[in-house]
Every structure is written in C-alpha cells, then in structure tokens.
Q: 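Quick one: the structure is below, questions incoming.
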Amino acid sequence: DRSGEAIAIGNAPEGTRLSLLEGEIVVRGPGVMRGYLGGEPSAGEFRTRDRAGLDAEGNLVFRGRSDRQVKIRGHRVELEEIETVLNRLEGVARSFVVFKDGLLTAHLETARPVALEEVKTLCAATLPPHMSVGGLSLYPEGLPLSERGKIDERKLKLD
C-alpha cells in the first residue's frame, strides 16, 4: 500500500504496446501468449486489471488494482481464496480479508466467538504460509454493508 502514491511503470519492451482502456492497462504484442510461456503468440490483447493514468509529463503511472489481488512476499494472492477457506469455519456466515501494512486481517460475520488461533490453524492446514491471517475482527451483528449491499471497507474495525 503506497497510500495512493503514483508509481511510474516505465516503458514496454520493443514490439509491445501498452494502452489505457477505461483506466486499465492493456498489453498488445508478441509478449501476449495463449496460455503459458512458450505458448503460441497471440495477436490479441491482455487486460491486466492494473489501474493506471498519465502524469503531467505523459508517463504511465500505476494507480492500483481493479480487483482484490495483492502481492505478499513476492506472491500474488487473491484475497477471495482466503475468504473461501474462512467461510468453512463453523458459525461463519461471511468473511472479508484485508491486507494492510503487511498484515492480513480477517473480518468475520459470525454467530459464535472465534479465536485468532483457530483461524491461524485453519489457514496453516489449508493455505501456503504467506496467506496466513494475522489479525481478526468479529462482527456478530453482521459485516457493515453499503447502500448496494456490498461490504463497506471504510466501516470495518481497524483494531
């Protein structure tokens, strides 16, 4: 988390074109493959899910992700994967995981008390070490929701 700071991206490799489509970086060129490295080159495009913009000099700058993917100790992590595991805990109706200041925190809507040690044990048995939760907040009254019924991250407990 760079607190909204614009991060310069740099230049694309020769023969590759970067563009912005509705604020998202799109890559076109021989580096775009079908499948994995060594696969057939594609004439198509790859939407990266990275949000970007242009600075005053016209340079491409990173503005964040359009999904909830984060990078932890060099690993790409989809926070929803952790939530899927946490939702298996008895009494947990819904979970929401936040990554901030190097810590994964689980926010659980639960009908019973749940201890952090119980959450850590489940994560250790199911997920790689870099996906282990280190913080926990319980919401017996339900997770805070926006007017549209989505979890309102701004109203989550910070403790």
Q: For Leu20, which residues count as a side-chain contact (heavy atoms from CB on, under 4.5 Å) partner, sequence neighbours excluded?
A: Ile25, Ala52, Leu54, Leu60

Q: Calculate, to the nearest 0.5 Å, the distance between atoms CD and CZ belonging to Glu24 and Arg47 respectively.
A: 4.0 Å

Q: Could you check whether any side-chain heavy atom of Leu136 comes within less than 4.5 Å of a side-chain heavy atom of Thr105, counting everything from C-beta outward?
A: no

Q: Can you tell me how far CG of Leu145 sits from NZ of Lys150, rounded to the nearest 0.5 angstrom?
A: 12.0 Å

Q: Any donor and acceptor pair, going by atom type alone, linking the side chain of Arg63 with main-chain N or O of Arg51 inside 3.5 Å?
A: no

Q: Heavy atoms, side chains only, cut-off 4.5 Å: are Ile151 and His107 in contact?
A: no

Q: Show me the donor-acceptor pairs, under 3.5 Å and distance only, between side chains in residues 112-119 and residues at least two apart or in other chains.
A:
| residue | atom | partner | partner atom | Å |
| --- | --- | --- | --- | --- |
| Arg112 | NE | Glu90 | O | 2.7 |
| Arg112 | NH1 | Glu118 | OE1 | 3.4 |
| Arg112 | NH2 | Glu90 | O | 3.2 |
| Arg112 | NH2 | Glu118 | OE2 | 2.6 |

Q: Examine Phe96 and Val92 and state if one hydrophobic cluster contains both, with Ile, Leu, Val, Met, Phe, Trp and Tyr joined whenever side-chain heavy atoms are less than 4.5 Å apart.
A: no

Q: Taking atom CZ of Phe46 and atom OG1 of Thr16, what is their separation to the nearest 0.5 Å?
A: 13.0 Å

Q: Please determine whether the number of non-hydrogen atoms from other residues, nucleotides or ligands lying under 6.0 Å from atom CD of Glu141 exceeds 12.
A: yes

Q: Please examine the side chains of Glu81 and Met131, heavy atoms only from C-beta on, and report whether any two atoms are closer than 4.5 Å.
A: yes

Q: So which atom in Ser95 and which in Leu108 form the shortest heavy-atom distance, rounded to 0.1 Å?
A: CB-CD2, 3.4 Å

Q: Please say yes or no: joined through hydrophobic side-chain contacts below 4.5 Å, possibly via intermediate residues, are Val26 and Val61 part of one cluster?
A: no

Q: At what distance, to the nearest 0.5 angstrom, does NZ of Lys155 lie from OH of Tyr139?
A: 12.0 Å

Q: Do the non-hydrogen side-chain atoms of Leu18 and Val27 ever get within less than 4.5 Å of each other?
A: yes

Q: Looking only at heavy atoms, which two atoms of Ser19 and Arg28 are closest? And how far apart?
A: OG-NH1, 2.7 Å

Q: Only counting residues at least two apart or in another chain, list the ones meeting side-chain hydrogen bond (donor to acceptor under 3.5 Å, both in side chains) with Arg68.
A: Glu83

Q: Evaluate the criterion side-chain contact (heavy atoms from CB on, under 4.5 Å) for residue pair Leu79 and Leu104; output intermediate values, then yes/no.
A: CA-CA 9 Å; Leu79 297 176; Leu104 285 165; 3.7 Å; yes

Q: Report yes if the side chains of Cys123 and Leu86 come closer than 4.5 Å at any heavy-atom pair, otherwise no.
A: yes

Q: Are Val98 and Ile72 connected in the hydrophobic side-chain network, where two residues link if heavy atoms are under 4.5 Å apart?
A: no

Q: Please report the interatomic distance CG(Asn59) to CD1(Ile9), rounded to the nearest 0.5 Å.
A: 10.0 Å

Q: Side chains of Glu78 and Asp67: closer than 4.5 Å at any heavy-atom pair?
A: yes

Q: Using 30° and 60° as the class limits, which term best fits the ring planes of His130 and His75: parallel, tilted or perpendicular?
A: parallel

Q: Report yes if some heavy atom in the side chain of Arg88 is under 4.5 Å from a heavy atom in the side chain of Thr126; otherwise report no.
A: yes

Q: Given the rule that I, L, V, M, F, W and Y join up when any side-chain heavy atoms are under 4.5 Å apart, are Ile82 and Leu89 in one cluster?
A: yes

Q: Answer whether the closest heavy-atom distance between the side chains of Leu156 and Leu143 falls below 4.5 Å.
A: yes

